[in-house]
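Position 1 is the first residue of the sequence, and the numbers go up from there. Side chains included, hydrogens not; waters and symmetry mates left out as well; all remaining heavy atoms used.
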Amino acid sequence: MTDADAPVAGVLLDDAIFVGSYTCPATTDPSCPFTCTSLSSCNSCGCFIVDEEGGPWGDAMDVIMCLLPIIFLLAVTLKKNPLPTTMSLPLAAIFMFLIRLMYLGSNPVLTSGAIISGFHEALSPLTIMLGAITLFETMEATLCLPYMMREMKSLTEGHIVAELMLIFAFAYMIEGASGFGTPVALGAPMLASLGHCKFGSVVTLLVMNTFATVWGAVGTPIWFGFGNLGLEEEEFVEVSKKAGVALSISAFLVMPTMVLTILCPFKIIRQNIIFVLCSLGSVMLPTLAMSFFTYEFPSLIGGMLGCVITAGLIRFRVGLKEYSHDHVDGERHLKISTTSENSLVASIQKDQAASPFSHAACDFEEGEIEDLMENIEVQRGDGEKKNVGEESQETVHVSNCANDSTNNHQEQEAAPTVPTTNDQNENNDEAANKESIRSYVSFVPHLSHTPDEQDELLASLNDVERALGPRKSYSEGYLRELLGRTFPLWGVVVLLILTRVQQIGLKPLLTKRDPYFEIDFGTYGKFRLSASLVFQLLDIFQHPDLSWKYELLYVPFVVPFLLVSIVTMAIYRTDLQASPKQIFATCANRLLNPAVALMGALALVQLLIKEGSAAPADIIGTVLSQALKQGWIVFAALIGTLGSFFSGSTTISNLTFGGIQEIAAESIGTSVTSMLALQATGASAGNGVCLNNIISACTVVGLGVSEGKIIAKTFKPVLATNILATVVMLAFFFRF
């Protein structure tokens with residue numbers, strides 16, 4: 001080939017498609033970009049594409065333009081009448097697409113391919129949601145979840161603080177085993193099934209999860225999220241240690257004051273502060289200790305020990321004080337609720353709807369009577385009705401949680417609540433309970449309230465207990481029944497640990513990409529399917545930096561969720577309240593709207609992070625870090641939070657901004673590991689506001705409420721965690 005015939009860098013001879021300028025790091029053959037004859041030959045010698053960085057109007061305008069789609073998304077999500085995410089997220093993605101093409105002048109092949117990559121990436125969260133919903137629908141339909149909730153109520157005796165801390169420890173353990181937003185998908189419906197409102201349950205689990213995701217599933221956010229920075233093993237542990245100190249201190253300050261109070265008045269938290277601190281310490285102190293030696297197992301070990309120790313604290317009533325259940329907003333004391341239409345509890349509610357003194361007889365919407373019973377105060381037996389808003393020892397206060405959990409997105413006016421009996425009177429004072437129901441029935445207009453009908457309602461409240469049967473003694477096989485009915489949970493945990501812990505050896509088998517067969521889909525990309533069922537799409541739109549993979553047996557979908565669900569259906573097939581076909585149909589129907597929202601979200605993420613220094617996320621971080629100098633530290637954690645907000649992942653946030661945080665630390669002459677720890681802490685906190693987790697949690701519990709309402713509740717504790725973490729890092733680790 002003569003010099004005149006030499007191809008121009010950036011032109012692929014096979015397809016004659018200009019894809020940008022090439023550079024080649026190969027020292028043995030620097031002419032490769034000018035002589036390669038195909039995409040595969042360019043890849044084999046290490047060539048990569050270099051896009052132009054930034055737009056024509058300078059650095060400041062670059063940052064503003066790159067932030068505009070995120071600002072738009074926040075504005076339409078948090079406004080009074082928010083756009084649904086099925087509209088706002090796709091619109092934000094289109095906005096970013098246009099900015100990349102029209103202002104940044106990005107490679108159109110890369111930009112268009114990023115959208116296709118985002119659509120494929122949505123498969124992971126969607127299948128995780130499908131698996132989690134299937135598991136809980138199965139647990140409801142087989143009576144396993146009502147059984148677990150009854151046993152937990154028996155252990156906690158309906159003590160709201162005990163329930164919250166036990167769920168916190170459980171979710172912490174699940175985060176250490178799985179990640180992927182699984183703790184919120186599992187914990188929120190459990191909390192709702194304990195009788196707490198769906199809205200409050202989702203908000204509480206979102207914020208609780210912010211203290212564990214810095215380590216995620218066996219340390220993935222650290223070793224993989226910062227894996228491209230060339231850190232040594234000791235530096236990974238250093239990041240883990242510093243993040244552990246910051247998060248542990250933040251947890252002890254934020255959990256009692258801003259997280260538990262979402263569902264429980266601070267007065268009750270203060271009364272039980274010894275138990276709260278002991279339980280919190282049983283999770284966070286082992287986590288902190290482990291973080292000094294490893295970055296893989298802190299949250300897993302901390303959560304496991306926390307579950308055992310917290311259960312012991314509850315069993316022996318360590319630091320737990322009795323309180324009037326009338327003062328707990330949104331709680332149904334000693335009552336089992338449901339998030340499923342296929343459950344026994346739901347069937348009982350339908351039976352109540354058909355009774356002559358139900359809300360059906362009063363032209364109420366289906367399911368509305370339960371909310372009405374929460375929000376109406378009635379007489380206690382002294383013949384005197386309480387006024388709305390009146391505070392007394394026997395008044396249940398109306399909570400924001402109950403108001404915000406309506407599925408029609410409308411605010412409900414505060415009204416009184418039906419009285420509940422305390423745990424000592426639950427079983428031995430049926431006459432008082434009947435009198436309480438009679439008071440309720442006589443108070444609500446248009447409801448029939450003959451003695452026979454009142455007795456029918458009282459009997460329906462015990463249907464769950466009758467269906468489950470009386471609690472067995474140890475000699476009658478209590479432990480066997482307990483192990484069987486709780487199999488869906490401990491089976492999931494065991495499978496997650498077996499498939500995630502590297503030392504066990506199953507993970508490599510589930511994620512092997514070889515051997516494989518390949519189908520060439522032309523310019524769309526090369527599809528591969530390995531023997532381990534790893535799906536791949538390589539060189540999307542023939543761009544070497546765009547690819548996708550989906551590890552079917554590793555992503556928490558088939559294993560453990562579907563596998564455990566199918567086994568549970570088989571074991572308890574005689575108890576099924578719905579057929580497997582009905583269960584799967586319910587699950588699929590719940591995913592229709594989230595699918596649209598998540599495809600828009602992941603397309604936006606890919607447009608933000610692809611590719612290299614030309615990516616909008618890289619431009620934002622680089623320009624701001626250079627401009628702020630040492631002041632960057634104040635915003636470092638918030639940058640991590642921003643990454644999790646739009647990506648839905650601590651790992652992706654670390655991948656996106658880790659390099660920028662490293663550059664910022666070196667430019668101002670401070671510790672790189674301290675800056676990375678602040679990034680990881682902020683990214684972990686960002687899980688409380690990330691749209692992926694919010695959409696997932698709302699879908700699993702069946703909550704129809706705008707994401708903006710949830711972010712408005714979670715934002716304050718997330719911001720507090722960021723501020724506290726920054727203060728701790730400045731006090732103990734940053735040196736200039």
- Query: Are Leu598 and Asn692 close enough, and set up right, to give a side-chain contact (heavy atoms from CB on, under 4.5 Å), and what steps lead you there?
  - Reply: CA-CA 7 Å; Leu598 284 172; Asn692 287 9; 3.5 Å; yes
- Item | Criterion side-chain contact (heavy atoms from CB on, under 4.5 Å) on Leu691 and Leu604, from CA distance to verdict | CA-CA 12 Å; Leu691 292 172; Leu604 175 62; over 6 Å; no
- Message: Before you tell me yes or no, could you show the steps for Ile133 and Leu591 under side-chain contact (heavy atoms from CB on, under 4.5 Å), namely the whole-Å CA-CA distance, both residues' side-chain angles and the distance that decides it to 0.1 Å?
- Response: CA-CA 10 Å; Ile133 296 170; Leu591 290 180; 4.2 Å; yes
- Message: Run the side-chain contact (heavy atoms from CB on, under 4.5 Å) test on Phe561 and Val492 for me, step by step, so that the C-alpha distance in whole Å, both residues' side-chain angles and the decisive distance to 0.1 Å come before the verdict.
- Response: CA-CA 7 Å; Phe561 289 140; Val492 164; 4.1 Å; yes
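Side-chain N or O atoms of Ser644 include none that pairs as donor or acceptor with a backbone N or O of Cys690 at under 3.5 Å. The backbone N or O of Pro221 sits less than 3.5 Å from a side-chain atom of Asn654, completing a donor-acceptor pair. In this structure, Asn209 contributes its side chain and Leu205 its backbone to no donor-acceptor pair below 3.5 Å. Without hydrogens or angle criteria, Ser532 side chain to Thr511 main chain gives no donor-acceptor distance under 3.5 Å. Panel note: side chain Ser112, backbone Val109; no donor-acceptor pair is recorded below 3.5 Å.
Taking the six-membered ring where tryptophan is involved, the planes of Phe527 and Phe535 are tilted, since the angle between them lies from 30° to 60°. Under the 30°/60° scheme for interplanar angles, the aromatic rings of Tyr524 and Phe541 are found to stand perpendicular.
In terms of the side chain to side chain contact (heavy atoms under 4.5 Å, CB included) criterion, residue partners of Ser117 (sequence neighbours excluded) are, by chain and number, Glu121, Ile540, Gln606. For Tyr550, there are no ring pair (Phe, Tyr, Trp, His ring centres under 6.0 Å) partners two or more places apart in sequence or in a different chain. Legend: residues meeting ring pair (Phe, Tyr, Trp, His ring centres under 6.0 Å) with Phe487, ordered by chain and number and at least two apart, are Trp490. Evaluation of the side chain to side chain contact (heavy atoms under 4.5 Å, CB included) rule for Asp575 yields Leu143, Arg485, Tyr572 as partners, not counting sequence neighbours. For Met148, the side chain to side chain contact (heavy atoms under 4.5 Å, CB included) criterion is met by Met139, Cys144, Thr486, Pro488, Leu489, not counting sequence neighbours.
Taking each heavy atom of Ile262 and Gly200 in turn, the nearest pair found is CG2-O, 4.0 Å. Across all non-hydrogen atoms, the minimal contact from Ser653 to Gly640 is OG-O, 2.8 Å. In terms of heavy-atom proximity, Asn687 sits nearest to Thr210 at C-CG2, 4.3 Å. The two residues Leu510 and Leu553 come nearest to each other via the heavy atoms CD1-O, 3.7 Å. Nearest approach of Ala680 to Val214, heavy atoms of both residues: CB-CG2, 3.5 Å. Contact detail for Ser201 and Cys197: the closest heavy-atom pair is OG-O, 2.8 Å.
Each of Gln577, Arg590, Gln582 was evaluated against Glu137; a single residue qualifies, Arg590, per the side chain to side chain donor-acceptor pair (under 3.5 Å) test.
Counting heavy atoms from C-beta outward, His543 and Asn107 have side chains that approach closer than 4.5 Å. Taking 4.5 Å as the limit, every side-chain heavy atom of Leu104 sits out of range of all side-chain heavy atoms of Met65. No side-chain heavy atom of Glu175 sits less than 4.5 Å from a side-chain heavy atom of Trp215. A 4.5 Å side-chain heavy-atom check between Asp545 and Lys610 finds every atom pair outside the cut-off. Inter-residue side-chain proximity for Leu123 and Phe557 is flagged as unmet; no heavy-atom pair is nearer than 4.5 Å. For the pair His120 and Lys549, the minimum side-chain heavy-atom distance is 4.5 Å or more. The shortest distance between side-chain heavy atoms of Val558 and Leu533 does not fall below 4.5 Å. Residues Leu110 and Arg100 meet the side-chain proximity criterion, which asks for heavy atoms closer than 4.5 Å.
Interatomic distance, OH of Tyr172 versus CG of Leu300, reported as 11.0 Å (0.5 Å rounding). The OG atom of Ser696 sits 9.0 Å away from atom CG of Leu126, with the distance rounded to the nearest 0.5 Å. Note that the CG atom of Leu563 and the OG1 atom of Thr134 stand 12.5 Å from one another [nearest 0.5 Å]. To the nearest 0.5 angstrom, Leu607 atom CG is 11.5 Å from Cys66 atom SG. To the nearest 0.5 Å, atoms OG1 (Thr714) and CG (Leu206) are separated by 6.5 Å. With rounding to the nearest 0.5 Å, the separation of CG in Leu529 from CD1 in Ile519 is 8.5 Å.
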Considering only distance and modelled atom types, tabulate donor-acceptor pairs under 3.5 Å from the side chains of residues 68-87, sequence neighbours left out.
| unit_1 | atom_1 | unit_2 | atom_2 | d |
| --- | --- | --- | --- | --- |
| Thr77 | OG1 | Leu73 | O | 2.6 |
| Lys79 | NZ | Asn81 | O | 2.4 |
| Thr85 | OG1 | Glu707 | OE2 | 3.2 |

